[in-house]
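To start, the structure under review is shown below, and the notes come after it.
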Amino acid sequence: MKNWNDQAVRAAIDDCLSGVDAVPSVRADVLNQLRGEKKVKSKFSVGVIMALLLTLLMAGAAVAAGLGLFGQIGEKLGTDERLPGLDAVSEAVGLSFTTEEGVTVTISQAYYDGTRIFISYTKTGPFDVLAMGEGRPEGLGECDWALPGEVYGEYFFSESASYPLMKAHLDGSAPRWATSTYVNVHDGMKSGETDLEIIGGDTYLTEDGTMIGWKECVVPEELAADELTFLLGTFTSRTTYCQDETGLYLYHGERPETVWHPFTVKKDATGGQKLTGTASGAEWTAEAAMTASAVDLRGEIVLRCPDSWVEIERTWENPANIDYIGDWRVYIGGERMEHAVEWIHSGTDGQLTFGVCCRLDDGAQEMKLVPVYSRTGERMDEAILLNKAQ
(Lines give C-alpha, C1' and ligand atoms only; values in the text may rest on other atoms or scores of the structure.)
Protein backbone atom coordinates (compact mmCIF):
# COMPACT_ATOMS: atom_id res chain seq x y z
CA MET A 1 0.00 0.00 0.00
CA LYS A 2 2.93 2.36 0.50
CA ASN A 3 3.27 2.88 -3.24
CA TRP A 4 -0.29 4.13 -3.73
CA ASN A 5 -0.45 7.65 -5.12
CA ASP A 6 -2.58 9.90 -2.90
CA GLN A 7 -3.92 11.92 -5.83
CA ALA A 8 -5.01 8.78 -7.66
CA VAL A 9 -6.62 7.36 -4.52
CA ARG A 10 -8.40 10.66 -3.81
CA ALA A 11 -9.78 10.73 -7.35
CA ALA A 12 -11.03 7.14 -7.03
CA ILE A 13 -12.65 7.88 -3.67
CA ASP A 14 -14.29 11.03 -5.03
CA ASP A 15 -15.72 9.16 -8.02
CA CYS A 16 -16.95 6.21 -5.98
CA LEU A 17 -18.53 8.49 -3.35
CA SER A 18 -19.85 11.09 -5.80
CA GLY A 19 -23.47 11.87 -5.06
CA VAL A 20 -23.05 10.65 -1.51
CA ASP A 21 -21.67 13.83 0.11
CA ALA A 22 -20.00 11.64 2.68
CA VAL A 23 -18.40 13.18 5.73
CA PRO A 24 -15.21 14.79 4.34
CA SER A 25 -13.11 13.24 7.08
CA VAL A 26 -14.22 9.79 5.91
CA ARG A 27 -12.18 10.24 2.74
CA ALA A 28 -9.18 11.37 4.79
CA ASP A 29 -9.57 8.34 7.04
CA VAL A 30 -9.72 6.04 4.01
CA LEU A 31 -6.44 7.48 2.74
CA ASN A 32 -4.84 7.09 6.16
CA GLN A 33 -5.96 3.47 6.40
CA LEU A 34 -4.56 2.78 2.92
CA ARG A 35 -1.22 4.22 4.03
CA GLY A 36 -1.42 2.16 7.23
CA GLU A 37 -0.73 5.24 9.32
CA LYS A 38 -3.62 5.81 11.65
CA LYS A 39 -6.21 4.09 13.75
CA VAL A 40 -9.16 6.45 14.02
CA LYS A 41 -11.18 6.37 17.19
CA SER A 42 -14.93 6.78 16.90
CA LYS A 43 -16.40 10.10 17.98
CA PHE A 44 -20.02 9.05 17.80
CA SER A 45 -22.07 9.12 20.97
CA VAL A 46 -25.60 9.03 22.30
CA GLY A 47 -25.71 12.74 21.51
CA VAL A 48 -25.48 11.96 17.80
CA ILE A 49 -28.48 9.63 18.00
CA MET A 50 -30.48 12.17 19.98
CA ALA A 51 -29.64 14.84 17.42
CA LEU A 52 -31.04 12.66 14.67
CA LEU A 53 -34.23 11.96 16.62
CA LEU A 54 -34.79 15.63 17.46
CA THR A 55 -33.81 17.08 14.07
CA LEU A 56 -36.72 19.42 13.50
CA LEU A 57 -36.85 20.70 17.07
CA MET A 58 -33.14 21.43 17.20
CA ALA A 59 -33.05 23.10 13.80
CA GLY A 60 -35.84 25.42 14.90
CA ALA A 61 -34.04 26.20 18.15
CA ALA A 62 -30.85 27.06 16.23
CA VAL A 63 -32.65 29.59 14.04
CA ALA A 64 -34.50 31.04 17.00
CA ALA A 65 -31.23 31.51 18.87
CA GLY A 66 -29.77 33.48 15.95
CA LEU A 67 -26.90 31.04 15.45
CA GLY A 68 -24.55 31.25 12.50
CA LEU A 69 -24.01 28.26 10.25
CA PHE A 70 -21.34 26.67 12.48
CA GLY A 71 -23.75 26.89 15.39
CA GLN A 72 -26.65 25.49 13.37
CA ILE A 73 -24.53 22.54 12.24
CA GLY A 74 -23.51 21.91 15.83
CA GLU A 75 -27.15 21.92 16.95
CA LYS A 76 -28.18 19.67 14.08
CA LEU A 77 -25.43 17.05 14.15
CA GLY A 78 -23.83 17.26 17.59
CA THR A 79 -20.73 15.45 16.33
CA ASP A 80 -18.05 18.05 17.16
CA GLU A 81 -17.89 19.98 20.43
CA ARG A 82 -15.87 22.80 18.85
CA LEU A 83 -18.65 24.09 16.58
CA PRO A 84 -20.31 26.45 19.12
CA GLY A 85 -16.90 28.02 19.77
CA LEU A 86 -16.25 28.35 16.06
CA ASP A 87 -19.60 30.05 15.64
CA ALA A 88 -18.59 32.66 18.20
CA VAL A 89 -15.12 33.50 16.86
CA SER A 90 -15.46 33.05 13.09
CA GLU A 91 -15.85 35.96 10.71
CA ALA A 92 -18.75 36.31 8.30
CA VAL A 93 -17.75 35.76 4.66
CA GLY A 94 -20.99 35.51 2.66
CA LEU A 95 -19.15 34.92 -0.61
CA SER A 96 -20.93 32.89 -3.34
CA PHE A 97 -19.68 31.06 -6.43
CA THR A 98 -21.90 29.62 -9.17
CA THR A 99 -20.75 26.70 -11.34
CA GLU A 100 -21.51 26.16 -15.04
CA GLU A 101 -24.29 23.78 -13.98
CA GLY A 102 -26.01 26.55 -12.02
CA VAL A 103 -24.98 25.25 -8.60
CA THR A 104 -24.22 27.97 -6.04
CA VAL A 105 -21.75 27.43 -3.21
CA THR A 106 -21.76 30.07 -0.49
CA ILE A 107 -19.00 30.33 2.12
CA SER A 108 -20.87 31.54 5.18
CA GLN A 109 -18.17 31.77 7.87
CA ALA A 110 -14.42 31.27 8.19
CA TYR A 111 -11.89 31.05 11.01
CA TYR A 112 -8.10 31.05 10.55
CA ASP A 113 -5.79 30.65 13.55
CA GLY A 114 -2.47 30.48 11.70
CA THR A 115 -2.37 26.67 11.66
CA ARG A 116 -5.78 25.76 10.21
CA ILE A 117 -8.64 27.19 8.19
CA PHE A 118 -12.26 26.35 9.10
CA ILE A 119 -15.23 27.21 6.88
CA SER A 120 -18.99 26.66 6.93
CA TYR A 121 -20.82 26.62 3.61
CA THR A 122 -24.03 25.86 1.73
CA LYS A 123 -24.59 24.28 -1.68
CA THR A 124 -27.82 24.91 -3.59
CA GLY A 125 -29.18 24.29 -7.09
CA PRO A 126 -29.07 21.22 -9.39
CA PHE A 127 -26.04 19.57 -7.79
CA ASP A 128 -27.58 16.06 -7.88
CA VAL A 129 -28.98 15.16 -11.32
CA LEU A 130 -30.14 11.65 -12.19
CA ALA A 131 -30.94 9.97 -15.52
CA MET A 132 -32.26 6.37 -15.71
CA GLY A 133 -33.22 3.85 -18.35
CA GLU A 134 -33.67 0.21 -19.33
CA GLY A 135 -30.96 -2.10 -20.70
CA ARG A 136 -27.42 -0.75 -21.07
CA PRO A 137 -26.38 2.52 -22.78
CA GLU A 138 -24.04 2.35 -25.76
CA GLY A 139 -20.55 3.84 -25.82
CA LEU A 140 -19.72 3.35 -22.16
CA GLY A 141 -16.27 1.96 -22.86
CA GLU A 142 -14.40 -0.26 -20.43
CA CYS A 143 -15.91 -0.95 -17.02
CA ASP A 144 -14.06 0.87 -14.21
CA TRP A 145 -15.40 -1.16 -11.31
CA ALA A 146 -17.12 -4.55 -11.53
CA LEU A 147 -19.06 -5.92 -8.57
CA PRO A 148 -20.22 -9.43 -9.56
CA GLY A 149 -23.24 -10.66 -7.63
CA GLU A 150 -23.89 -7.27 -6.00
CA VAL A 151 -27.08 -5.19 -6.11
CA TYR A 152 -26.84 -1.39 -5.93
CA GLY A 153 -29.09 -0.86 -2.91
CA GLU A 154 -27.41 -3.63 -0.94
CA TYR A 155 -23.87 -2.44 -1.68
CA PHE A 156 -24.22 1.37 -1.55
CA PHE A 157 -25.93 3.71 0.89
CA SER A 158 -26.33 7.48 0.54
CA GLU A 159 -28.36 10.28 2.08
CA SER A 160 -28.59 12.04 -1.30
CA ALA A 161 -32.01 12.77 -2.77
CA SER A 162 -31.35 10.51 -5.77
CA TYR A 163 -30.43 7.43 -3.74
CA PRO A 164 -33.98 6.08 -3.10
CA LEU A 165 -34.78 6.40 -6.82
CA MET A 166 -31.59 4.60 -7.84
CA LYS A 167 -32.13 1.89 -5.25
CA ALA A 168 -35.66 1.19 -6.53
CA HIS A 169 -34.57 1.28 -10.18
CA LEU A 170 -31.39 -0.80 -9.86
CA ASP A 171 -32.97 -3.66 -7.94
CA GLY A 172 -31.51 -6.50 -10.05
CA SER A 173 -34.87 -7.60 -11.44
CA ALA A 174 -33.93 -6.51 -15.01
CA PRO A 175 -30.98 -4.94 -16.88
CA ARG A 176 -31.11 -1.22 -16.10
CA TRP A 177 -28.82 1.78 -15.83
CA ALA A 178 -28.64 5.07 -13.95
CA THR A 179 -26.27 7.99 -14.48
CA SER A 180 -25.55 10.29 -11.54
CA THR A 181 -24.13 13.73 -12.32
CA TYR A 182 -23.00 15.41 -9.14
CA VAL A 183 -21.38 18.78 -8.39
CA ASN A 184 -18.97 18.29 -5.51
CA VAL A 185 -17.20 20.60 -3.10
CA HIS A 186 -13.56 19.48 -2.99
CA ASP A 187 -12.52 17.94 0.33
CA GLY A 188 -9.31 19.89 0.75
CA MET A 189 -8.55 23.52 0.01
CA LYS A 190 -5.57 25.37 -1.44
CA SER A 191 -3.55 28.47 -0.75
CA GLY A 192 -1.72 29.49 -3.89
CA GLU A 193 -0.33 26.25 -5.32
CA THR A 194 -0.18 24.52 -1.92
CA ASP A 195 -2.75 21.79 -1.17
CA LEU A 196 -4.27 22.01 2.30
CA GLU A 197 -5.13 18.61 3.79
CA ILE A 198 -8.61 18.17 5.24
CA ILE A 199 -8.68 16.82 8.81
CA GLY A 200 -12.29 17.42 9.85
CA GLY A 201 -15.77 18.28 8.66
CA ASP A 202 -19.30 17.08 8.04
CA THR A 203 -22.31 17.65 5.77
CA TYR A 204 -26.05 17.15 5.83
CA LEU A 205 -28.97 17.65 3.46
CA THR A 206 -31.94 19.81 4.50
CA GLU A 207 -35.55 19.16 3.59
CA ASP A 208 -35.48 21.91 0.96
CA GLY A 209 -32.54 20.26 -0.82
CA THR A 210 -29.74 22.51 0.50
CA MET A 211 -26.44 20.83 1.34
CA ILE A 212 -24.89 22.34 4.47
CA GLY A 213 -21.35 21.57 5.56
CA TRP A 214 -18.15 22.60 7.28
CA LYS A 215 -14.52 21.62 6.92
CA GLU A 216 -11.17 22.02 8.65
CA CYS A 217 -7.88 22.05 6.73
CA VAL A 218 -4.26 22.30 7.86
CA VAL A 219 -2.25 25.41 6.94
CA PRO A 220 1.51 24.67 6.71
CA GLU A 221 3.68 26.79 8.98
CA GLU A 222 5.56 28.33 6.06
CA LEU A 223 2.31 29.85 4.73
CA ALA A 224 1.25 31.49 7.98
CA ALA A 225 0.44 35.20 7.60
CA ASP A 226 -1.77 37.82 9.21
CA GLU A 227 -4.09 37.55 6.21
CA LEU A 228 -4.25 34.68 3.73
CA THR A 229 -6.16 33.94 0.54
CA PHE A 230 -7.61 30.43 0.36
CA LEU A 231 -9.16 28.52 -2.54
CA LEU A 232 -12.27 26.33 -2.30
CA GLY A 233 -12.71 23.88 -5.17
CA THR A 234 -15.76 22.55 -7.02
CA PHE A 235 -15.85 19.76 -9.58
CA THR A 236 -18.43 17.65 -11.39
CA SER A 237 -18.38 13.86 -11.44
CA ARG A 238 -20.47 11.59 -13.62
CA THR A 239 -20.92 7.88 -12.87
CA THR A 240 -23.07 5.37 -14.75
CA TYR A 241 -24.28 2.33 -12.82
CA CYS A 242 -25.37 -0.72 -14.84
CA GLN A 243 -27.26 -3.43 -12.97
CA ASP A 244 -28.27 -6.84 -14.28
CA GLU A 245 -28.69 -10.35 -12.94
CA THR A 246 -24.91 -10.91 -12.91
CA GLY A 247 -24.00 -7.90 -10.78
CA LEU A 248 -23.32 -4.17 -10.68
CA TYR A 249 -20.91 -2.35 -13.01
CA LEU A 250 -19.63 1.23 -12.73
CA TYR A 251 -18.41 3.50 -15.52
CA HIS A 252 -16.84 6.84 -14.63
CA GLY A 253 -17.24 9.58 -17.20
CA GLU A 254 -14.61 12.20 -17.93
CA ARG A 255 -14.28 14.56 -14.98
CA PRO A 256 -13.58 18.25 -15.71
CA GLU A 257 -10.78 20.02 -13.88
CA THR A 258 -11.51 21.38 -10.44
CA VAL A 259 -12.46 25.07 -10.45
CA TRP A 260 -10.90 26.97 -7.51
CA HIS A 261 -12.69 29.92 -5.92
CA PRO A 262 -10.70 32.46 -3.81
CA PHE A 263 -11.60 34.06 -0.49
CA THR A 264 -9.45 35.94 2.02
CA VAL A 265 -9.45 35.57 5.81
CA LYS A 266 -7.61 37.46 8.56
CA LYS A 267 -5.71 35.49 11.18
CA ASP A 268 -7.11 35.44 14.71
CA ALA A 269 -4.48 37.34 16.67
CA THR A 270 -5.29 35.38 19.84
CA GLY A 271 -4.83 31.95 18.26
CA GLY A 272 -1.84 29.76 17.59
CA GLN A 273 -0.25 29.72 21.08
CA LYS A 274 2.46 27.03 21.14
CA LEU A 275 2.57 24.75 24.20
CA THR A 276 5.06 22.01 25.09
CA GLY A 277 5.68 19.52 27.88
CA THR A 278 7.49 16.33 28.81
CA ALA A 279 6.97 13.41 31.19
CA SER A 280 8.37 9.95 31.88
CA GLY A 281 7.54 6.65 33.50
CA ALA A 282 9.34 3.44 34.37
CA GLU A 283 9.56 2.33 30.72
CA TRP A 284 8.85 5.44 28.69
CA THR A 285 9.41 9.12 27.99
CA ALA A 286 7.02 11.46 26.18
CA GLU A 287 7.11 14.89 24.56
CA ALA A 288 4.06 16.95 23.64
CA ALA A 289 3.89 19.79 21.11
CA MET A 290 0.47 21.44 21.10
CA THR A 291 -1.22 24.56 19.71
CA ALA A 292 -3.98 26.37 21.60
CA SER A 293 -6.48 28.43 19.62
CA ALA A 294 -9.74 30.11 20.53
CA VAL A 295 -11.62 26.88 19.84
CA ASP A 296 -9.38 23.89 20.55
CA LEU A 297 -6.16 22.34 21.78
CA ARG A 298 -4.45 20.34 19.06
CA GLY A 299 -1.10 18.63 18.54
CA GLU A 300 0.91 15.45 19.01
CA ILE A 301 2.39 13.36 21.81
CA VAL A 302 5.51 11.40 20.85
CA LEU A 303 5.90 8.39 23.16
CA ARG A 304 9.21 6.50 23.26
CA CYS A 305 8.44 3.10 24.71
CA PRO A 306 9.21 -0.65 24.52
CA ASP A 307 8.92 -2.25 21.09
CA SER A 308 6.23 -4.54 22.50
CA TRP A 309 3.94 -1.51 22.94
CA VAL A 310 4.44 -0.51 19.32
CA GLU A 311 3.68 -4.05 18.19
CA ILE A 312 0.44 -4.09 20.18
CA GLU A 313 -0.75 -0.90 18.47
CA ARG A 314 0.32 -2.22 15.09
CA THR A 315 -1.43 -5.59 15.42
CA TRP A 316 -4.16 -4.71 17.95
CA GLU A 317 -3.17 -7.88 19.82
CA ASN A 318 -1.80 -8.14 23.37
CA PRO A 319 -1.23 -11.86 24.05
CA ALA A 320 1.03 -11.20 27.05
CA ASN A 321 -1.57 -8.87 28.62
CA ILE A 322 1.02 -6.09 28.93
CA ASP A 323 -0.05 -2.96 30.80
CA TYR A 324 0.86 -0.34 28.19
CA ILE A 325 -0.11 3.25 27.35
CA GLY A 326 -2.74 3.10 24.63
CA ASP A 327 -4.51 6.41 25.18
CA TRP A 328 -4.20 9.90 26.69
CA ARG A 329 -6.76 12.11 28.40
CA VAL A 330 -6.75 15.90 28.35
CA TYR A 331 -7.53 17.79 31.56
CA ILE A 332 -8.20 21.54 31.33
CA GLY A 333 -8.72 23.41 34.57
CA GLY A 334 -9.18 20.06 36.31
CA GLU A 335 -11.97 18.97 33.95
CA ARG A 336 -11.48 15.91 31.77
CA MET A 337 -12.23 16.72 28.14
CA GLU A 338 -13.93 14.40 25.67
CA HIS A 339 -12.67 13.28 22.25
CA ALA A 340 -8.99 13.78 22.93
CA VAL A 341 -6.90 11.20 21.04
CA GLU A 342 -7.96 11.17 17.38
CA TRP A 343 -5.39 8.83 15.89
CA ILE A 344 -2.32 6.74 16.74
CA HIS A 345 0.65 6.28 14.43
CA SER A 346 2.67 3.10 15.03
CA GLY A 347 6.22 4.07 14.20
CA THR A 348 9.50 2.17 14.36
CA ASP A 349 12.26 1.90 16.95
CA GLY A 350 10.00 2.06 19.98
CA GLN A 351 7.93 5.12 19.11
CA LEU A 352 4.21 5.85 19.09
CA THR A 353 2.69 9.18 18.06
CA PHE A 354 -0.76 10.22 19.34
CA GLY A 355 -2.76 12.91 17.55
CA VAL A 356 -4.73 14.98 20.07
CA CYS A 357 -7.57 17.45 19.58
CA CYS A 358 -10.25 18.67 21.99
CA ARG A 359 -12.45 21.69 22.66
CA LEU A 360 -10.79 24.63 24.44
CA ASP A 361 -12.91 27.35 26.03
CA ASP A 362 -10.27 29.10 28.12
CA GLY A 363 -6.61 28.85 27.21
CA ALA A 364 -5.53 30.45 30.49
CA GLN A 365 -6.34 27.35 32.56
CA GLU A 366 -3.89 24.62 33.52
CA MET A 367 -3.65 21.88 30.89
CA LYS A 368 -2.46 18.31 31.47
CA LEU A 369 -2.10 15.26 29.23
CA VAL A 370 -2.67 12.13 31.32
CA PRO A 371 -1.49 8.67 30.14
CA VAL A 372 -4.05 5.86 30.18
CA TYR A 373 -2.71 2.34 30.69
CA SER A 374 -4.54 -0.61 29.18
CA ARG A 375 -5.01 -2.40 32.52
CA THR A 376 -4.55 0.14 35.31
CA GLY A 377 -6.10 3.18 33.65
CA GLU A 378 -5.18 6.84 34.16
CA ARG A 379 -2.06 7.87 36.06
CA MET A 380 -2.28 11.50 37.03
CA ASP A 381 1.18 11.42 38.65
CA GLU A 382 2.73 10.75 35.21
CA ALA A 383 0.88 13.55 33.41
CA ILE A 384 2.47 15.99 30.96
CA LEU A 385 1.99 19.56 32.17
CA LEU A 386 1.76 21.96 29.22
CA ASN A 387 3.57 25.29 29.31
CA LYS A 388 4.11 28.08 26.79
CA ALA A 389 6.90 27.20 24.39
CA GLN A 390 10.09 29.21 24.87
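Here, residue 1 is the first one in the sequence, and each next residue gets the next number.
Shown here are the side chain to side chain donor-acceptor pair (under 3.5 Å) partners of Ser191, two or more places apart in sequence or in another chain: there are none. Applying the side chain to side chain contact (heavy atoms under 4.5 Å, CB included) criterion to Thr229, with sequence neighbours excluded, gives Pro262, Thr264. His169 pairs by the side chain to side chain donor-acceptor pair (under 3.5 Å) definition with nothing, not counting sequence neighbours. Partners of Val265 by side chain to side chain contact (heavy atoms under 4.5 Å, CB included), not counting sequence neighbours, listed by chain and number: Glu91, Ala110, Tyr112, Ile117, Phe230, Phe263. Partners of Glu150 under the side chain to side chain donor-acceptor pair (under 3.5 Å) rule, at least two apart in sequence or in another chain, do not exist in this structure.
The closest side-chain heavy-atom distance from Trp284 to Leu352 is not below 4.5 Å.
Sorted by first and then second residue, the pairs that involve residues 74-97 and meet ring pair (Phe, Tyr, Trp, His ring centres under 6.0 Å), not counting sequence neighbours, are Phe97-His261. Applying the ring pair (Phe, Tyr, Trp, His ring centres under 6.0 Å) rule to pairs touching residues 355-387 yields nothing, sequence neighbours excluded.
Think of Trp260 as one node in a network of Ile, Leu, Val, Met, Phe, Trp and Tyr side chains linked at under 4.5 Å; its network also takes in Leu231. Listed by chain and number, the hydrophobic cluster partners of Leu140 are Tyr249, Tyr251, where partners are ILVMFWY side chains within reach of under 4.5 Å, directly or through others. Clustering of Ile, Leu, Val, Met, Phe, Trp and Tyr side chains at separations under 4.5 Å places Val370 together with Tyr331, Met380.
Here the straight-line distance linking atom CD1 of Ile119 with atom CD1 of Ile107 works out to 5.0 Å at 0.5 Å rounding.
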Please tabulate, for the side chains in residues 269-279, all donor-acceptor contacts under 3.5 angstrom to protein atoms that are two or more places apart in sequence or on a different chain.
residue	atom	partner	partner atom	Å
Thr270	OG1	Asp268	OD1	2.8
Thr270	OG1	Asp268	OD2	3.0
Lys274	NZ	Thr291	OG1	3.4

Identify all side-chain donor-acceptor contacts of residues 298-310 below 3.5 Å with residues at least two apart in sequence or on another chain.
residue	atom	partner	partner atom	Å
Arg304	NH1	Glu287	OE2	3.4
Asp307	OD1	Gly350	N	3.0

